[in-house]
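So the structure is just underneath, and the comments pick up after that.
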Amino acid sequence: MGDASANTAAVPNPRTEQGGSGADERSSVFSVRNLWKVFGPKAERIPEDDSLTGLSAQELREQTGCTAAVRDVSFDVRKGEAFVVMGLSGSGKSTLVRCLTRLIEPTSGVLEMDGEDVRAMDRTALRELRRRRAAMVFQHFGLLPHRTVLDNVAYGLEIQGVGRAERRERAAEMVTKVGLAGLEKRRPGQLSGGQQQRVGLARALAVDPEILLFDEPFSALDPLIRRDMQEEVVRLHREEGRTMVFITHDLAEALRIGDRIALMRDGRIVQLGTPEEIVGSPADDYVRDFVRDVPREQVLTVRRAMRPAEAGEADQGPALAPDTLISDAIEAVARSGGPARVVEDGRCLGIVDSAALLNVVARIQQPGQDAPGAVAA
């Protein structure tokens, strides 16, 4: 297989190229601390009353008539990452994303964008945030039926006061970027659902926002079209490095798109971590049940299968990057007929063999490995 550097480059993990191990060093676009959204009478008293904050959703409704859609949520969205919020219906995920731009007013907590207090913004500042800095892509596209594809894409720029020639030029670039070149003169009724969603995505991109907010944008699409749109989002994220917050109820979608995932239940975040951390080290039985049927070899990396190198092994066999997926490592080991080295910066970190790789897939812990749950979120 040649030298270590060549083989390391040959088996990358695409997610690492997007999100990267340096994610912790990036600045936060959104910073959320102890955020609550409560619906109902005297909602503002709920976050301040310790006797109420610990109640279950049902108990809270029965005792106060209030519903806590978002309960004491804290997280940061890092610049350039794809941050996914996922959960079942009623988990609070859509309410949460609407709170980020105050389409829904939070009840309490801290909400900052680039260090600015979003909750303190006046109408003018909020309008600027929604029009230029954070663009939303919804499940229902909201396209203007009597406008062409090009004019629909240019609509946000028109609202901003951009001149006709400039906005149409920018819109044409975005139409091409999302794969709709040649359809500029069609109207929404002449497009498929997937094409309409691409128009909505192009319209959001046209205003060049700092962050894209997706609220279950593909849930109404047919499975094959939905997968195409997921791959389109991943491609755009890889090419542009634009910060994204993506809301979904679909675990496979979350794992495909997210650099990190916040899994919600009853208004709370029950686990926050990378796809590998969520699948490999579930925080509790709820998360464990959620990820039970995930093909582990397509999410976990060779870091979870490594063992120390024995005499002579550090210089033999194919070389894999530390973030190589288990599925790719199984193929490499099978092709070579022997163990593979896990190499970073020319240094052998460990060895993976067929038995260790298959044990990870089968959820069998290796001697000397950390117990599940040891990976920090």
Side-chain angles (χ1 to χ4, degrees), residues 30 32-49 51-75 77 82-109 111 136-142 197 213-221 223 226 230 244-258 260-273 275 278-279 282-294 377:
F30 275 115
V32 178
R33 295 291 178 270
N34 308 114
L35 194 72
W36 286 78
K37 177 55 188 177
V38 184
F39 297 96
K42 299 182 180 179
E44 66 281 353
R45 70 188 174 100
I46 304 297
E48 301 174 357
D49 190 334
S51 67
L52 298 174
T53 56
L55 297 178
S56 69
Q58 182 176 347
E59 290 170 337
L60 187 65
R61 282 194 298 270
E62 291 175 349
Q63 293 191 27
T64 68
C66 292
T67 298
V70 177
R71 302 165 65 100
D72 199 22
V73 165
S74 298
F75 62 90
V77 178
F83 186 90
V84 174
V85 182
M86 71 156 297
L88 300 178
S89 178
S91 63
K93 59 188 184 299
S94 290
T95 301
L96 175 59
V97 74
R98 283 168 166 78
C99 284
L100 295 181
T101 56
R102 285 176 55 196
L103 291 175
I104 293 178
E105 286 286 350
T107 302
S108 68
L111 172 57
M136 290 204 69
V137 182
F138 295 98
Q139 174 182 339
H140 302 291
F141 327 115
Q197 190 59 275
L213 306 174
F214 296 85
D215 188 8
E216 299 207 65
F218 310 142
S219 59
L221 300 178
R226 181 171 185 165
Q230 292 166 358
M244 298 180 177
V245 176
F246 197 100
I247 308 300
T248 182
H249 66 271
D250 185 291
L251 179 60
E253 186 168 75
L255 294 173
R256 184 171 295 122
I257 291 174
R260 288 190 302 149
I261 299 169
L263 180 56
M264 293 189 71
R265 183 187 189 189
D266 294 333
R268 301 184 187 275
I269 293 178
V270 294
Q271 187 167 0
L272 171 58
I278 297 288
V279 172
D284 58 21
D285 289 341
Y286 178 77
V287 181
R288 190 171 294 109
D289 188 56
F290 222 107
V291 303
R292 179 179 54 194
D293 298 324
V294 171

side-chain contact (heavy atoms from CB on, under 4.5 Å), that's the test. Do L251 and V294 meet it? Break it down for me. CA-CA 9 Å; L251 179 60; V294 171; 3.4 Å; yes

Between E105 and R102, does a salt bridge (Lys or Arg N to Asp or Glu O under 4.0 Å) hold up when you go through it step by step? CA-CA 5 Å; E105 286 286 350; R102 285 176 55 196; 2.9 Å; yes

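The two atoms that bring A283 and V287 nearest to each other are N-CB, 4.0 Å, heavy atoms only. A82 approaches I257 most closely through the heavy-atom pair CB-O, 3.5 Å. Closest approach of R226 to D250, counting heavy atoms only: NH2-CB, 3.4 Å. The nearest pair of heavy atoms linking A43 to T107 is O-CG2, 3.8 Å. In terms of heavy atoms, P41 sits closest to G65 at CD-O, 3.7 Å. Nearest heavy-atom pair across G267 and V73 is O-CG2, 3.4 Å.
E253 places no side-chain N or O within donor-acceptor distance of the main-chain N or O of Q230, the cut-off being under 3.5 Å. Under the 3.5 Å distance criterion, the side-chain polar atoms of K93 are left unmatched by any main-chain donor or acceptor of I247. For the pair T248 (side chain) and A254 (backbone), a donor-acceptor distance under 3.5 Å is absent. Side-chain atoms of R260 never come within 3.5 Å of backbone atoms of L272 as a donor-acceptor pair (strictly under, hydrogens ignored).
F30 is listed as a side-chain neighbour of L213, based on a closest heavy-atom distance under 4.5 Å. A heavy-atom distance below 4.5 Å is not found between the side chains of R71 and I46. Annotation: side chain of R45 is in contact with side chain of L52 (closest heavy-atom distance under 4.5 Å). You'll find the side chain of L88 reaches within 4.5 Å of the side chain of F290, heavy atoms only. In this structure, S89 and H249 have side chains that are not in contact, with every pair of non-hydrogen atoms separated by 4.5 Å or more.
Using a 30° and 60° split on the angle between ring planes, F83 and F75 fall in the parallel class, below 30°.
Across F214, F246, F218, a single residue satisfies side chain to side chain contact (heavy atoms under 4.5 Å, CB included) together with V137, and that is F214.
Considering CD of Q63 and CD of Q58, their distance stands at 11.0 Å, rounded to 0.5 Å. Atom CG in L55 sits 11.5 Å away from atom CZ in R61 (nearest 0.5 Å). Taking OG1 of T95 as the reference point, atom CG of L100 lies at 11.0 Å (rounded to 0.5 Å). From S91, atom OG reaches atom CG of L96 across 9.0 Å, with rounding to the nearest 0.5 Å. Between the CG atom of L263 and the OH atom of Y286 there is a distance of 6.0 Å, given to the nearest 0.5 Å. The structure places CG of N34 at 12.0 Å from CG of L111, a figure rounded to the nearest 0.5 Å.
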